[in-house]
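Worksheet for the structure shown next.
Residue numbers begin at 1 in each chain, while the letters A, B, ... track the order of the sequences.
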Amino acid sequence: MSEQTIPHRFDPTDHAGDLQKTYADLADGESTGLEVTVAGRLMLKRDQGRLVFGTLQDATGRIQLFAQEKTTPEFSDFSALHLGDWVGVTGEVIKTRRGELSVRVAQWVRLAEARRSFPDKWHGISDTDTRYRQRYVDLWVTEEARQTFLLRSKVMSLTRRWLEEKDFLEVETPVFHPIPGGALARPFTTHHNALDLDLYLRIAPELYLKRLVVGGFERVFEIARVFRNEGLSTRHNPEFTMLELYQAYADYTDIMVLVEELVAHLAQEILGTTSLTYDGQDLDLSVPWRRATMRELLLEHAGLDVDLDTPREELVAMCEQHEVPVKDHYGPGKLILELYEKTTEPKLWGPIFVTDYPQEVSPLSRDHRDQPGWVERFEGIVAGRELCNAFSELVDPEEQRNRFSAQESEKAAGDAEAMVVDEDYLRALDYGLPPTGGLGIGMDRLVMLLADTTAIRDVILFPTLRPEQGLAD
RNA sequence: GCGCCUCUAGCUCAAUUGGCAGAGCAUCGGACUCUUAAUCCGCAGGUUCUGGGUUCAAGUCCCAGGGGGCGCACCA
């Protein structure tokens, strides 16, 4: 084809999806008399000699291009376009005799050349590696991928709006942390040259957000990219997105209501219902969700009647019976949590709030108001997956210091994920944190739930992969 | 990190027991004025992931390495 200059800008007047909606009822063979300009990628081409049909796809959908030799300038160049080329087209909106809404090409310009040939126009890409590495191609040829990411965008947008309507303030806190905190996880490390300072990528924004409540922002939230130096799986990516929010004067029961209402709202807005299926199983998200304590569920699903004063030998025996590995420094709380995770959690489908965790395994949660040794904490299990973690926040600086100290002991005992003392956070608590409810939701998993996909990589545009070998040559 | 599976043309896939590496789409050349994955004719396209080994002969069998997937473990 002849040399064509690619313009520096272009002005489409319409999108394919809108035109399809507007002219759905146009009769076969009719013309609208309306001239439009559309732009997008040429996905299909049907060359008839003196007549060429193309299928143009833009951000909203597809529309046919109808080019005739006698009315389309540089017709032979048009018919020589490659699949995958970007074009801008001006012409009248018509419906062909065979009933396909089309733009009759009166002017056109190539907006980009596809120098690499597009994947098979029927089969697309089936190799997941290629789909994740070359998402820019995947989004064109895999409609479900497109839909999933549009859904993700809606989830984020609706969540923001919903929280803002409830007077939550969106904030941004540091990604670089001098002390990793707010969760039990192994951090990534990095280094700032000018300060000659080792820094950690955040594993959670929690401690900074609670500082803001101390600072008087009564309701704050952050949609935070967090980083954990752990394994990859269908449910784990080293960087993922967590919604954390803190609400002054609230406790964990308020947060349960907030979670179930938010998730039900998102399902209703996006899917039009709170009754959905996930991975082939029914899931009813309508409120209220069941609440049950960890102890109740251990009894219900595993027949284990345990408490913090159960003799250690008995707890250890139960662990051995259920093939739970036991370490010497595990206290009763840790043993009970391990038993729960091994025997009970896998049986939960939900939605359900599992409430009241052992204090021993919850260094940032407030003591239960009438269950000594337990804390006011819950996890939401939805579709068999842990969706969120929340608690009445620990507000007492003395008690918080004790919890940090216990974590230091864990660290000394070899737990790489244990927390370290954050003196500035303790100083903030010294200034007074009011009663506060806090929440963390894994947004990637929430999107997976609503998109009915079982792989986290299907909801992350560019998931973490090994760098490709031999690409630069 | 461990176990199982997988890797063939740009894409989707074949190749019998170990016996000449093939097709469709895309690309390239040609025909065609209402197609819908258009159709038809023709050309070209390969380090069968890499490196070893067994064999007269390896895409196929064996060993090592690499990429990917799934499961386990850690975790959200």
Side-chain angles (χ1 to χ4, degrees), chain A residues 1 28-29 42-55 62-72 75 79-85 94-102 104 114-134 137-138 140-142 182-186 203-204 224 226-244 323-325 341-342 345 379-382 385-390 415-417 439-446 448-449 454-457 463 465-471:
Chain A
M1 84 183 281
D28 295 355
L42 186 68
M43 299 303 285
L44 295 169
K45 194 178 71 176
R46 296 173 289 280
D47 189 341
Q48 304 283 319
R50 291 188 169 80
L51 178 64
V52 172
F53 299 92
T55 299
R62 292 182 164 198
I63 191 163
Q64 181 167 265
L65 303 178
F66 180 89
Q68 290 167 292
E69 186 177 42
K70 61 185 178 188
T71 58
T72 297
F75 177 80
S79 69
L81 284 168
H82 289 180
L83 296 188
D85 282 351
I94 61 163
K95 192 162 266 186
T96 59
R97 282 180 230 154
R98 295 290 173 84
E100 186 73 30
L101 192 71
S102 309
R104 197 203 322 257
R115 294 179 174 220
R116 292 174 186 261
S117 52
F118 248 52
D120 190 287
K121 61 193 176 189
W122 186 244
H123 298 99
I125 311 175
S126 66
D127 180 29
T128 51
D129 186 41
T130 308
R131 290 189 47 216
Y132 300 145
R133 286 187 198 279
Q134 301 183 41
V137 179
D138 183 45
W140 283 105
V141 302
T142 312
L184 302 169
R186 301 181 65 171
I203 56 176
V226 298
F227 308 86
R228 298 189 182 176
N229 206 339
E230 286 156 358
L232 294 81
S233 80
T234 49
R235 289 177 288 280
H236 301 90
N237 197 63
E239 55 177 305
F240 63 101
T241 303
M242 196 153 71
L243 165 68
E244 283 207 8
E323 297 176 330
V324 176
E341 287 181 348
K342 179 77 176 190
E345 196 179 53
E379 289 190 356
I381 305 289
V382 183
R385 286 141 214 268
E386 198 180 313
L387 181 73
C388 67
N389 185 19
D415 184 352
E417 295 175 358
L439 165 70
I441 292 187
M443 295 303 281
D444 310 274
R445 290 187 179 177
L446 183 54
M448 287 167 69
L449 182 73
T454 56
I456 197 168
R457 287 173 165 185
L465 300 169
R466 264 200 184 79
E468 205 169 347
Q469 301 293 311
L471 186 60

What does B/G71 pair with, Watson-Crick or G-U, if both distances are under 3.5 Å? B/C2
Tell me whether the OP1 or OP2 atom of B/C25 has a side-chain N or O from A/Lys45 closer than 4.0 Å. no
Could you please name the partner base of B/U33, counting Watson-Crick and G-U wobble pairs only when both distances are under 3.5 Å? none
Remember a base hit wins even if backbone is also touched, and classify A/Asn229 as base, sugar-phosphate or nothing at under 4.0 Å, heavy atoms. nothing
Heavy atoms under 4.0 Å, any strand shown: does A/Gly84 hit a base, just sugar-phosphate, or nothing? nothing
Please check the phosphate of B/U36 (OP1 and OP2 only) for any side-chain N or O of A/Arg46 closer than 4.0 Å. no
Hey, does A/Arg97 reach any base, or is it just sugar-phosphate, or nothing, if we go heavy atoms under 4.0 Å? base
Is A/Gly442 touching bases, backbone alone, or none of the nucleic acid, heavy atoms closer than 4.0 Å? nothing
Any donor-acceptor N/O pair, A/Asn389 side chain to A/Glu379 backbone, under 3.5 Å: no
Using a heavy-atom cut-off of 4.0 Å across all strands, would you classify A/Glu69 as base, sugar-phosphate, or nothing? nothing
Both distances under 3.5 Å, Watson-Crick or G-U wobble: report the partner of B/A64, or none. B/U50
Distance-only donor-acceptor test, A/Asp127 side-chain atoms vs B/C11 base atoms, 3.5 Å: no
Heavy atoms under 4.0 Å, any strand shown: does A/Ser126 hit a base, just sugar-phosphate, or nothing? sugar-phosphate
Base, sugar-phosphate alone, or nothing: which one does A/Gln48 contact when heavy atoms must sit under 4.0 Å apart? base
Which residues pass the side-chain contact (heavy atoms from CB on, under 4.5 Å) test with A/Leu44, not counting sequence neighbours? A/Arg46, A/Thr55, A/Arg62, A/Lys121
Can you tell me the pairing partner of B/G42 across any strand shown, Watson-Crick or G-U wobble, with both distances under 3.5 angstrom? B/C28
Any side-chain heavy-atom pair from A/Val382 and A/Leu449 closer than 4.5 angstrom? yes
Which nucleotide, if any, forms a Watson-Crick or G-U wobble pair with B/A15, using both distances under 3.5 Å? none
Sugar-phosphate, base or nothing in reach of A/Ser102, heavy atoms under 4.0 Å: nothing
What nucleic acid atoms does A/Asn389 come within less than 4.0 Å of, heavy atoms only: base, sugar-phosphate, or nothing? nothing
Using modelled atom types and a 3.5 Å cut-off, is there a donor and acceptor pairing between side-chain atoms of A/Ser102 and backbone atoms of A/Arg104? no
Report all interatomic pairs (protein N or O, nucleotide N or O of nucleotides 21-24 of chain B) with separations under 3.5 Å.
residue : atom : partner  : partner atom : Å
B/G24   : N2   : A/Asp120 : OD2          : 2.7

Within the structure, does a side-chain N or O atom of A/Lys121 lie under 4.0 Å from either OP1 or OP2 of B/A26? yes
Which is true for A/Arg133 with a 4.0 Å heavy-atom rule: it touches a base, it touches only sugar-phosphate, or it touches nothing? sugar-phosphate
